[in-house]
Amino acid sequence: MSYAPWYLQANKLKYTFGADSDLVLGEVEETNGEHTIHIRTNNGEKAIALQTIVAQSVGELKVVVTQLNGSPYIGLLPPPRTAAEFLTYAGRALQGHPYFVQGQEIHSGAGLIFSKTIVQFPYGGLGRPPFTFFNAIVADAFKDVISQYSDFAIAYATSP
């Protein structure tokens with residue numbers, strides 16, 4: 001059994017952002033060889049914040065944020081220019097998320113603090129023995145799916 005390269009990225013999204021009860025993550029859709037996953041929410045403010053901080057592509061997987069109520073695609077806001085702007089968006093996007101503890105400004109930029117939780121899902125194949133699992137600290141898994149910015153650094157940590 002082998003998995004396509006986008007499989008790991010889709011599961012990272014599902015096991016990080018998908019833990020938020022306000023979000024619905026769809027199945028991966030393929031159109032003309034491009035793989036897309038939709039993140040949907042009823043909360044318009046959260047949708048805009050998510051669209052701003054979630055990487056628009058995670059590996060070979062395109063990420064689209066929409067509203068569940070059928071509203072059209074939400075336009076991307078300008079990327080945050082400062083750590084404080086990023087933390088505002090991150091706070092809205094992660095509000096109510098069971099793994100998110102807090103965001104805070106640090107000397108080098110922004111810090112996101114998550115609970116001490118392990119993300120785990122089956123990931124056999126691709127040269128790995130069957131029944132192998134992907135295991136990561138939730139902060140590290142979020143690091144892989146949140147956009148990076150050149151104007152400031154983002155640090156990921158777990159709560160004590």
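- For the pair Thr41 and Ala47, the tightest heavy-atom approach, listed with the atom from each and the gap, is CG2-CB, 3.6 Å.
- Between Tyr156 and Phe142, the gap from one ring centroid to the other reaches at least 6.0 Å.
- Looking at every heavy atom in both residues, Ala110 comes nearest to Ala83 through N-CB, 3.8 Å.
- The two atoms that bring Arg81 and Asp151 nearest to each other are O-CB, 3.6 Å, heavy atoms only.
- Between atom CD of residue Gln9 and atom CG of residue Asp144 there is a gap of 6.5 Å, rounded to the nearest 0.5 Å.
- Atom CD1 of Ile137 is surrounded by 12 or fewer heavy atoms from other residues, nucleotides or ligands within 6.0 Å.
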**Request:** Please assess Val58 against Val63 for the test side chain to side chain contact (heavy atoms under 4.5 Å, CB included), listing each intermediate value before the final yes or no.
**Result:** CA-CA 7 Å; Val58 179; Val63 181; 3.8 Å; yes
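- If you take CG on Asn42 and CZ on Arg40, they are separated by 11.5 Å, rounding to the nearest 0.5 Å.
- Across all non-hydrogen atoms, the minimal contact from Glu105 to Ala84 is OE2-CB, 3.5 Å.
- Connection of Val145 to Leu8 is established within a shared hydrophobic cluster, with ILVMFWY side chains joined at heavy-atom distances below 4.5 Å, either directly or through further cluster members.
- Considering only heavy atoms from C-beta on, Gln104 comes within 4.5 Å of Ile113 through its side chain.
- Using a 4.5 Å heavy-atom cutoff, the side chains of Thr36 and Val28 are not in contact.
- Around atom CD of Gln102, more than 12 heavy atoms belonging to other residues, nucleotides or ligands sit under 6.0 Å away.
- Of the inter-residue distances, the one linking Gln51 atom CD with Ile48 atom CD1 reads 9.5 Å to the nearest 0.5 angstrom.
- Residue pairs that meet the ring pair (Phe, Tyr, Trp, His ring centres under 6.0 Å) test with at least one member in residues 18-51, sequence neighbours left out, are Trp6-His35.
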**Prompt:** Stepwise, does the side chain to side chain contact (heavy atoms under 4.5 Å, CB included) test hold for Ile39 with Thr66?
**Reply:** CA-CA 6 Å; Ile39 301 175; Thr66 57; over 6 Å; no
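- Scanning both residues, Thr52 and Ser147, for their nearest heavy atoms gives O-OG, 4.3 Å.
- Under the rule for a salt bridge (charged side-chain N to carboxylate O under 4.0 Å, His left out), the partners of Glu45 that lie at least two apart in sequence or sit in another chain are Arg92.
- Residues Pro80 and Glu85 share a closest heavy-atom pair of CA-OE1, 3.3 Å.
- One N or O on the side chain of Gln56 and one on the backbone of Val54 form a donor-acceptor pair closer than 3.5 Å.
- Under the 6.0 Å cut-off for aromatic ring centres, Tyr149 and Phe152 qualify, their centroids lying closer than that.
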Counting only pairs under 3.5 Å, give me each side-chain donor-acceptor contact of residues 13-25, with atom names and distances, residues two or more places apart or in other chains.
residue: Lys14; atom: NZ; partner: Glu27; partner atom: OE1; Å: 3.4
residue: Thr16; atom: OG1; partner: Lys12; partner atom: O; Å: 2.6
residue: Thr16; atom: OG1; partner: Leu13; partner atom: O; Å: 3.4
residue: Asp20; atom: OD1; partner: Asp22; partner atom: N; Å: 2.9
residue: Asp20; atom: OD2; partner: Lys46; partner atom: NZ; Å: 2.6
residue: Asp22; atom: OD2; partner: Lys46; partner atom: NZ; Å: 3.3

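- The distance from atom CG of Asn135 to atom CD of Gln120, rounded to the nearest 0.5 Å, is 4.5 Å.
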